Student: 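I have a structure I would like to understand better, so I am pasting it below and will then ask my questions one at a time.
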Number of protein chains: 2
Amino acid sequence: MSSAPVSEPKKKLSARGLLAANLLVLRRRRELSQEALAFEAGLHRTFVAHVERQARNISLDNIERLASALGVEPFELLKP
Amino acid sequence: MSSAPVSEPKKKLSARGLLAANLLVLRRRRELSQEALAFEAGLHRTFVAHVERQARNISLDNIERLASALGVEPFELLKP
DNA sequence: ATGTGACTTATAGTCCGTA
DNA sequence: TTACGGACTATAAGTCACA
């Protein structure tokens with residue numbers, strides 16, 4: 001009885017993990033540094049770094065600011 | 001030159017507004033009171049009430065708790 | 001069953017550094 | 001350019017009394 005999955009089931013990420021991953025991908029895609037993104041969003045450089053490392057529990061208003069700085073809707077930052 | 005839209009363009013809601021609206025719909029659909037939802041999510045009744053009234057800037061961890069109490073993914077609470 | 005203002009405590013978010 | 005700390009200050013969390 002093989003229990004090996006044919007393809008890996010995606011590991012369930014926490015909301016923080018999801019946000020961090022999406023943030024990184026979108027930021028890189030736009031060739032922005034953490035600093036540049038932080039500036040666009042009106043946030044501090046070190047805060048963006050913390051969020052990307054899942055070290056901080058960001059608030060909704062700031063999720064919205066990051067989304068807007070990246071040109072996406074807020075919910076897209078939480079999509080798996 | 002008619003400028004009347006065939007169907008109304010949806011007014012753009014803030015992230016708080018989106019969350020509040022989705023929260024209300026999902027909560028009602030499950031026939032939960034604010035109190036019951038708060039209990040499921042491990043939050044205080046009045047806190048949920050404030051969020052539904054857009055009076056609070058909720059954090060990601062608590063968005064996740066509410067989503068889980070409602071049986072949906074976090075991003076679904078922010079979908080337009 | 002819900003809305004709301006006020007209040008304290010916890011932590012989000014800033015700013016200064018070092019590597 | 002990013003990671004990570006320490007020491008702040010601003011604001012979210014959490015609770016209550018009362019409409």
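The basis for the numbers below is simple: all heavy atoms, side chains too, and nothing from hydrogens, waters or symmetry mates. Sequence lines set the chain letters: A, B, ... in the order given, protein chains first and strands last, and positions in each chain run from 1. None of the values given here were measured: they were computed from a predicted structure.
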Student: Going by side-chain contact (heavy atoms from CB on, under 4.5 Å), name the residues that satisfy it together with A:A49, two or more places apart in sequence or in a different chain.
Tutor: A:Q34, A:R53
Student: Got a sec, which pairs hit salt bridge (Lys or Arg N to Asp or Glu O under 4.0 Å) with one end in residues 23-43 of chain A, sequence neighbours left out?
Tutor: A:R27-A:E52
Student: Please list, in 5' to 3' order, the outermost nucleotides of DNA chain D lying under 4.0 Å from any heavy atom of chain A.
Tutor: D:dT1 to D:dC4
Student: Name all pairs fulfilling the side-chain hydrogen bond (donor to acceptor under 3.5 Å, both in side chains) condition that reach into residues 69-78 of chain B, sequence neighbours left out, sorted by first residue then second.
Tutor: A:K12-B:E73
Student: Does CZ in B:F47 sit with more than 12 non-hydrogen atoms of other residues, nucleotides or ligands closer than 6.0 Å?
Tutor: yes
Student: Can you name the residues that form a salt bridge (Lys or Arg N to Asp or Glu O under 4.0 Å) with A:R65, not counting sequence neighbours?
Tutor: none
Student: Contact class for A:H50 vs. all strands (heavy atom < 4.0 Å): base, sugar-phosphate, or nothing?
Tutor: nothing
Student: For DNA chain C, what residues of residues 22-39 of chain A have any heavy atom nearer than 4.0 Å?
Tutor: none
Student: For a 4.5 angstrom cut-off between non-hydrogen side-chain atoms, does A:V51 reach A:N62?
Tutor: no
Student: Who are the side chain to side chain donor-acceptor pair (under 3.5 Å) partners of A:R45, not counting sequence neighbours?
Tutor: none
Student: Mind listing the N/O atom pairs, protein and nucleotides 10-13 of chain C, below 3.5 Å?
Tutor:
| unit_1 | atom_1 | unit_2 | atom_2 | d |
| --- | --- | --- | --- | --- |
| C:dA12 | OP1 | A:N57 | ND2 | 3.4 |
| C:dA12 | O5' | A:N57 | O | 3.3 |
| C:dG13 | OP1 | A:S59 | OG | 2.7 |
| C:dG13 | OP1 | A:N62 | ND2 | 2.6 |
| C:dG13 | OP2 | A:S59 | N | 3.3 |
| C:dG13 | N7 | A:R56 | NH1 | 2.1 |

Student: Write down the distance between CD (B:E52) and C1' (C:dT2), rounded to a whole number of angstrom.
Tutor: 9 Å
Student: With the side chain counted from C-beta on, respond yes when A:L23 and A:L70 share a heavy-atom pair under 4.5 Å apart, and no when they do not.
Tutor: yes
Student: Got a list of side-chain donor-acceptor pairs under 3.5 Å for residues 14-22 of chain B, not counting sequence neighbours?
Tutor:
| unit_1 | atom_1 | unit_2 | atom_2 | d |
| --- | --- | --- | --- | --- |
| B:S14 | OG | B:R16 | N | 3.4 |
| B:S14 | OG | B:G17 | N | 2.9 |
| B:R16 | NE | A:D61 | OD1 | 3.0 |
| B:R16 | NH1 | B:Q54 | O | 3.2 |
| B:R16 | NH2 | A:D61 | OD2 | 2.7 |
| B:N22 | ND2 | B:L18 | O | 3.2 |
| B:N22 | ND2 | B:L77 | O | 2.8 |
| B:N22 | ND2 | B:K79 | O | 2.9 |

Student: Applying the 4.5 Å side-chain criterion to the ILVMFWY set and letting contacts propagate, would B:V72 and B:L60 be lumped into a single cluster?
Tutor: yes
Student: Heavy atoms only: give me the nearest B:P74-B:I63 pair and the separation to one decimal.
Tutor: O-CG2, 4.4 Å
Student: Got a sec, which residues hit side-chain contact (heavy atoms from CB on, under 4.5 Å) with B:A36, two or more places apart in sequence or on another chain?
Tutor: B:L32, B:S33
Student: Between B:R53 and A:V48, which has a closest nucleotide on DNA chain C that is more 5'?
Tutor: B:R53
Student: What does the inter-axis angle of the helix from C:dT2-D:dA19 to C:dA19-D:dT2 come out as, five pairs per end, nearest 10 degrees?
Tutor: 40°
Student: Decide yes or no on side-chain contact (heavy atoms from CB on, under 4.5 Å) for A:L37 and A:L26, but give the supporting numbers first.
Tutor: CA-CA 10 Å; A:L37 173 59; A:L26 288 167; over 6 Å; no
